[in-house]
Amino acid sequence: MSLATREAFNGFKRSPVLSLLSITTIAFSLYAFGLFGLVALNIRSALAQVEDRVEIRAFVADGTSAEATSAAAGDIGAFPEVQSVTFVTSEQALVRARKELGEFSDVFEAGILPASLDVRLKPGFRDPNTVKAVAERLKSYDFTDDVRYGEEWVQKLYRIRNIATLAGLVLGFAFAGVAVIIIGSTIRMSVLARAREISIMRLVGATDGFIRSPFLIDGAVKGTFGGILALLLTWVSYSLITRFVITAQFFDVRLVVLGVLAGAVLGLVGSALSVSRHLRSV
Amino acid sequence: MIRFTRVTKEFPRTGVALREVSFHVARGEFVFLTGPSGAGKSTILKLCYLDERPSDGEVRVAGMSSVAIRGSDVPKLRRKLGVIFQDFRLLEDRTVEANIGFALEVTGAPPASIGPKVGRLLTQVGLASKATAFPAELSGGEQQRVAIARALANDPVLVIADEPTGNLDDRATRGVFQLLRDINASGTTVIMATHDLDLVKRAECRTLELNHGALVFDSAAAAASGPPGAGGAA
Ligand SMILES: Nc1ncnc2c1ncn2[C@@H]1O[C@H](COP(=O)(O)OP(=O)(O)OP(=O)(O)O)[C@@H](O)[C@H]1O
Ligand SMILES: [Mg+2]
């Protein structure tokens with residue numbers, strides 16, 4: 001083990017520029033994951049809050065009988081997606097509007113607001129597609145005048161989240177590919193510089209695992225440094241955004257550890273590919 | 001210790017290097033491998049330490065078979081062997097003792113055992129006073145002794161030497177050869193490829209002669225079938 005660590009350290013001394021380059025590309029790869037991951041994470045938690053409040057409001061047409069309305073309410077309450085149905089009379093709607101709008105309340109006159117059935121969905125059924133499907137079914141009832149749900153902006157948030165996730169994945173994987181290639185060539189330099197030693201090791205009966213281990217450690221150490229650098233970059237970006245743009249939330253400890261580990265794995269994969277190729281070729 | 005059974009070795013670009021070679025070397029023997037350049041001597045030795053695999057036939061060495069052995073078992077075989085070359089193959093940036101210790105270090109010897117063992121090996125090859133020298137500071141004969149000490153590090157049952165005296169003058173040649181004979185005398189089997197026919201004649205050891213990839217003479221078989229000229233076929 002001490003031999004392996006020493007050799008890993010020597011790898012850095014042998015080609016410092018390439019080593020730094022490897023660390024930097026790994027860092028950029030994880031930074032891309034990190035930034036877009038943060039966007040996706042924050043949108044997701046915003047969406048979770050929005051979803052809690054998702055409500056479909058079916059306005060009852062004038063002249064609908066109370067019996068018809070309550071029959072419809074019972075019917076709708078039996079939908080598998082539906083958690084609750086509340087009948088809001090015209091007067092209740094007015095009271096609610098006054099409360100929500102505070103000082104502008106005297107704008108309203110009784111009778112302006114229509115009665116409605118307010119439908120809340122069960123958790124897990126609050127995504128745009130289900131909301132839309134339920135809303136369509138409500139529209140098909142005779143009593144409904146109009147059906148409202150905050151469709152546009154819920155869908156917009158979902159779309160932004162999906163784009164952020166996709167962009168993070170695409171950029172992250174592209175950088176990861178580059179990182180694996182660059183760390184592979186860095187390790188290859190060390191391997192070639194030690195080709196003579198490696199051939200003697202094989203001659204006297206060192207196992208491939210033993211021969212590989214210093215290079216793998218070298219790669220994993222570089223990857224870990226890359227992961228830590230990415231963490232710093234992501235955190236600085238996050239702090240700037242929180243201070244100047246919008247309060248956001250950061251990854252929890254588990255994700256941070258996972259990110260740094262991902263760096264180590266990238267380094268490991270890059271060097272493993274490179275060393276195996278050399279050992280097979282001699 | 002070594003058994004070749006109808007071994008053929010064919011290389012992709014250069015064609016057949018060995019054709020149906022069969023021979024047996026018993027434990028404790030000292031065997032010369034002779035023949036003109038390109039006859040296949042080095043190829044036979046590489047087959048012995050499984051640096052190459054036969055294209056056909058079977059090579060058995062130190063209880064392992066080229067047919068059955070898995071790649072991961074090759075290091076186990078190599079630890080039972082000591083291999084030396086004409087060009088010594090020492091690490092120029094390490095001292096004599098570090099070069100010898102290297103073979104122990106990379107095969108997992110307990111660190112505390114390495115120093116004393118290297119000391120004993122250096123004494124055995126007569127280089128105790130040069131422990132901290134670098135290879136470039138030694139004569140050819142001395143460098144080959146370091147290589148031999150390294151080959152002996154894991155107490156091999158078989159030493160494989162590919163023209164170990166090819167780069168040495170007469171005196172150094174005699175010294176290195178005597179060292180190999182001493183190693184053999186203590187029970188280790190030795191197979192040695194050489195161009196040096198004087199050495200072969202003087203030593204009176206068993207000799208295998210190759211020509212164009214075929215085994216054309218085996219002194220053991222010749223002796224068994226009667227003295228030369230008495231009608232025995234080689
Ligand atoms: N790795 C290889 N790839 C292709 N051909 C090879 C390889 N090694 C040996 N050969 C061929 O096998 C034949 C025998 O080579 P080998 O090295 O065994 O000869 P040798 O008897 O050791 O010769 P020398 O006395 O010059 O060392 C040669 O024709 C050579 O071209
Ligand atoms: Mg040769």
Side-chain angles (χ1 to χ4, degrees), chain A residues 1-19 184 186-221 268-269 271-282, chain B residues 45-46 48-52 61-62 64 69-85 87-94 98-112 114 121 135 146-162:
Chain A
M1 193 64 182
S2 81
L3 173 81
T5 335
R6 195 175 69 218
E7 297 303 340
F9 183 71
N10 284 343
F12 195 92
K13 263 201 330 208
R14 195 170 287 122
S15 42
V17 176
L18 263 182
S19 298
T186 311
I187 299 293
R188 186 155 181 74
M189 301 272 289
S190 310
V191 170
L192 290 179
R194 300 185 54 215
R196 204 177 157 80
E197 274 172 76
I198 291 175
S199 74
I200 291 169
M201 285 195 221
R202 300 190 109 183
L203 191 66
V204 300
T207 59
D208 278 1
F210 182 91
I211 296 172
R212 246 185 231 124
S213 63
F215 299 108
L216 297 190
I217 291 178
D218 189 354
V221 166
L268 209 59
V269 168
S271 57
L273 289 178
S274 170
V275 178
S276 300
R277 208 173 46 192
H278 178 81
L279 289 185
R280 246 181 289 117
S281 74
V282 292
Chain B
L45 297 184
K46 281 181 186 164
C48 287
Y49 59 92
L50 287 192
D51 191 34
E52 297 284 356
V61 175
M64 301 217 194
I69 196 170
R70 286 175 303 158
S72 56
D73 282 334
V74 171
K76 275 190 207 139
L77 171 69
R78 302 257 172 97
R79 287 175 199 200
K80 298 188 197 170
L81 311 178
V83 190
I84 55 178
F85 301 93
D87 59 359
F88 321 133
R89 307 214 180 160
L90 300 175
L91 297 171
E92 298 296 327
D93 59 346
R94 298 182 196 224
N99 265 281
I100 300 168
F102 186 73
L104 292 161
E105 201 180 353
V106 303
T107 49
I114 293 178
L121 290 163
V146 176
I148 292 172
R150 184 180 65 193
L152 296 178
N154 281 312
D155 301 313
V157 293
L158 170 66
V159 167
I160 296 168
D162 194 350

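Chain A is the first sequence line, chain B the second, and so forth, proteins listed ahead of strands; every chain is numbered from 1.
- Residues satisfying the side-chain contact (heavy atoms from CB on, under 4.5 Å) criterion with B:A147, sequence neighbours excluded, are B:I84, B:L90, B:Q144.
- B:D93 contributes atom CG, which lies 6.5 Å from atom CD of A:E197 (distance to the nearest 0.5 angstrom).
- Looking at every heavy atom in both residues, B:V106 comes nearest to A:A206 through O-CB, 3.3 Å.
- Side-chain contact between A:L203 and B:Y49 is present, with at least one heavy-atom pair separated by less than 4.5 Å.
- Other residues, nucleotides and ligands place no more than 12 heavy atoms under 6.0 Å from the CE atom of A:M189.
- In plain terms, the two heavy atoms of A:G205 and B:P75 that are nearest each other are O-CB, 3.4 Å.
- A heavy-atom distance below 4.5 Å is found between the side chains of A:T207 and B:R79.
- A:M201 CE to B:R78 CZ: the interatomic distance, rounded to the nearest 0.5 Å, is 14.0 Å.
- Between the CD1 atom in A:I200 and the CZ atom in B:R150 there is a gap of 4.5 Å [rounded to 0.5 Å].
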